[in-house]
Every structure is written in structure tokens, then in C-alpha cells.
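Structure record follows, encoded as C-alpha cells.
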Amino acid sequence: MHGSSRWKDIDPSGYDKIIFLGDYLDSFIMTDNEILENFEEIIEFRLTWPGKVVLLMGNHETSYMSGMYRCTGYRPAIAARVEKLLFTHIDILRIAWQHENFLWTHAGVHQEFYDRKISGRVEETDETISGTLQRLYEEGYMPIFEVGYERGGRFGNSGGPLWVDKARLRENPLKGYHQIVGHNPVKTIEHCQPDPDDPHTTVTFCDCIERGDGSFYELEINSCSK
């Protein structure tokens, strides 16, 4: 959203799930108060519809929670209030959400990142990959927050689910999943199937609210459909 109130156009009664992909903060056009008030209203929206609304964490949120990486558009004047909001409501901000083999994260999961940093950390009690990612996030597992070279970091070519760059994700996304992500601005909803012979591995890029045509991604999933 980056401070945009476009989400208010959504009628909650028309959907089973409404999933925000993160980055509620920071903007080149919105004022500090507009950003802060809009984020407060999004949180209230989630609290009003707890079984329907999912709020994912974005890198612009973690930027206020840790000084390791500062994102563009960072607002120091409201930083203390934003940080308080984030930590007060940390239990409703997730790192991932999943339905069958559809996976929502802020930036996406790269296959190499999963192989190197996640697969060895999966526990028997983790029922889904989103469950593994959420548990590792809550445990403070640092690779979740890694930034790759292309985003100004120092952790290889990919980066974690908050930071992986579009170019890397397009070439090698996590196999067997339909990923829905934000993070990388696009003009309109953009679908990608890297391997023509693998229809079960796709990525849909949805960050077109602030700099694109403002589209929402509406998805209808048939139960047990791959």
C-alpha cells in the first residue's frame, strides 16, 4: 500500500480471504500522518475481520524494527510510533500464508535460498512451508531477513522472502508452488511461469498499487486444485 487507502475499495463480504502483501509504510508522495493513519486503519481492519484478513510483513516494516537495513522512503519523524504499532501488533503480522500449493509472501521464495537456508530447518511439526517460514521468523532466524547483492545486501544472489529481487525469483522460484508476491513494482498484475513444462511453478507479481494501474489480484481456487 505504501500509505495508499486504495484497500478501502474492497468489500470484505465478497471474499473468503483478503491478503495484504506488506509494505504499508514509506512513500514518495504521502505525508507522515497519512501513512501512519492508514497503517492504523489497516490494523483495525484486520482486527475487525480476524478470520478473513491476512497482513503479511514487508521489508519496509522490518526497516523500522531493525537498523540493519533502511528502506527508501523511511520516515524518521514517525519511526517511534510506527515501531510501537509494529511490536504491539506483531502477533497479527505474518511472514507467509498458504492455501494448498499457493504461497503468499512479501517478495517470494527462491529455490536456492530454500535449499541452502530453509530445507535443513524444517521440523516434523511444520505442516506447511508457510508454517516453517513463520516459525523461523518468530524465532528470529536471520536468513529470513537476508538481502541479496542486487538489493544492496551481502548475502548472495537471492535473499530471503522479504527481499529477493524479481529477476532472481523469475529464474528459479520454489518448485511446485504458485507464489503471489509484492515487493517489485510492476505496471499491472504480472504472471510468470519460468518453465513451460512445469505449470505448477509460477509467480504472480502484484505490486502495482503505488506505481502501476492500481489493480488487485483476485484469485479463485478450486479445492484440491494444483
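We use all heavy atoms of the structure for the numbers below, so side chains are in, but hydrogens, waters and symmetry mates are not.
- P199 places a side-chain heavy atom less than 4.5 Å from the side chain of Q193.
- The closest side-chain heavy-atom distance from I129 to L174 is below 4.5 Å.
- Residues satisfying the ring pair (Phe, Tyr, Trp, His ring centres under 6.0 Å) criterion with F205, sequence neighbours excluded, are absent altogether.
- For H191, the ring pair (Phe, Tyr, Trp, His ring centres under 6.0 Å) partners are Y217, not counting sequence neighbours.
- Looking only at atom types and distance, the side chain of D11 has a donor-acceptor partner in the side chain of S13 under 3.5 Å away.
- For Y74, the ring pair (Phe, Tyr, Trp, His ring centres under 6.0 Å) criterion is met by Y64, not counting sequence neighbours.
- No option in E190, H183, E171 other than E190 meets the side chain to side chain donor-acceptor pair (under 3.5 Å) test with K166.
- A 6.0 Å sphere centred on CD of E123 holds more than 12 heavy atoms belonging to other residues, nucleotides or ligands.
- Residue D26 comes nearest to G73 through the heavy atom pair OD1-O, 3.1 Å, listed as atom of the first residue, atom of the second, then distance.
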| said: Would H99 and W104 count as a side-chain contact (heavy atoms from CB on, under 4.5 Å) here? Give the steps. | reply: CA-CA 9 Å; H99 177 76; W104 286 257; 4.2 Å; yes
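- Proximity of D213 to K187: side-chain heavy atoms (C-beta onward) are nowhere separated by under 4.5 Å.
- For Y141, the ring pair (Phe, Tyr, Trp, His ring centres under 6.0 Å) test picks out no residue, with sequence neighbours left out.
- The local environment of CG in D16 is sparse, with at most 12 non-hydrogen atoms from other residues, nucleotides or ligands closer than 6.0 Å.
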Side chains of residues 78-88: which donor-acceptor pairs under 3.5 Å do they make with residues two or more places apart or in other chains?
| from | atom 1 | to | atom 2 | distance (Å) |
| --- | --- | --- | --- | --- |
| T88 | OG1 | K84 | O | 2.6 |

Do any side-chain atoms of residues 45-56 form donor-acceptor pairs under 3.5 angstrom with protein atoms, and if so which ones, sequence neighbours left out?
| from | atom 1 | to | atom 2 | distance (Å) |
| --- | --- | --- | --- | --- |
| R46 | NE | V53 | O | 3.3 |
| T48 | OG1 | E44 | O | 2.8 |
| K52 | NZ | P12 | O | 2.8 |
| K52 | NZ | Y15 | O | 2.9 |

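- Pairing each heavy atom of T128 with each of S130, the nearest pair is OG1-OG, 3.0 Å.
- Under the 4.5 Å side-chain criterion, counting only non-hydrogen atoms from C-beta, V109 is in contact with L133.
- In this structure, the side chain of E61 engages the main chain of D23 through a donor-acceptor pair within 3.5 Å.
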| request: Take L162 and F145 through the test side-chain contact (heavy atoms from CB on, under 4.5 Å) and record every step on the way to the result. | output: CA-CA 6 Å; L162 291 163; F145 307 92; 3.7 Å; yes
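- Of the possible polar contacts, one joining the S63 side chain to the C71 backbone as a donor-acceptor pair under 3.5 Å is found.
- Among all heavy-atom pairs drawn from I180 and F102, the shortest one is CD1-CD2, 4.2 Å.
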| said: Before you tell me yes or no, could you show the steps for R170 and V203 under side-chain contact (heavy atoms from CB on, under 4.5 Å), namely the whole-Å CA-CA distance, both residues' side-chain angles and the distance that decides it to 0.1 Å? | reply: CA-CA 7 Å; R170 282 176 63 93; V203 183; over 6 Å; no
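- A cation-pi contact links R6 to F216, judged by a cut-off of 6.0 Å to the six-membered ring centre and 45° from its axis.
- Checking side-chain atoms of H2 against main-chain N and O of L25 turns up a donor-acceptor pair under 3.5 Å.
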| request: Please lay out, stage by stage, how V181 and V164 fare under the test side-chain contact (heavy atoms from CB on, under 4.5 Å). | output: CA-CA 10 Å; V181 304; V164 60; over 6 Å; no
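- Proximity of E210 to P185: side-chain heavy atoms (C-beta onward) are nowhere separated by under 4.5 Å.
- Between S66 and R70 the shortest heavy-atom distance is O-NH1, 3.1 Å.
- Looking at heavy atoms from C-beta onward, Y177 lies in side-chain contact with Q98 at the 4.5 angstrom threshold.
- Expressed to the nearest 0.5 Å, how far NZ of K117 lies from CD of E112 amounts to 9.0 Å.
- With contacts defined as side-chain heavy-atom distances shorter than 4.5 Å, the pair N172/P194 does not qualify.
- At a threshold of 4.5 Å between non-hydrogen side-chain atoms, the residues K17 and W97 count as touching.
- Q179 pairs in a side chain to side chain contact (heavy atoms under 4.5 Å, CB included) with only one of the listed residues (L169, T204, T202), which is L169.
- Counting only distance, with no hydrogens or angles, the side chain of R121 and the backbone of T132 share no donor-acceptor pair below 3.5 Å.
- Remark: side-chain polar atoms of N38 are not paired, donor with acceptor, to backbone N or O of I35 under 3.5 angstrom.
- H106 and G58 get closest at one heavy-atom pair: CG-CA, 3.6 Å.
- Taking all atoms of both residues into account, the shortest heavy-atom contact from D126 to G131 is OD1-O, 4.4 Å.
- Relative ring orientation between Y24 and F20 is described as tilted, the plane-to-plane angle lying within the 30° to 60° band.
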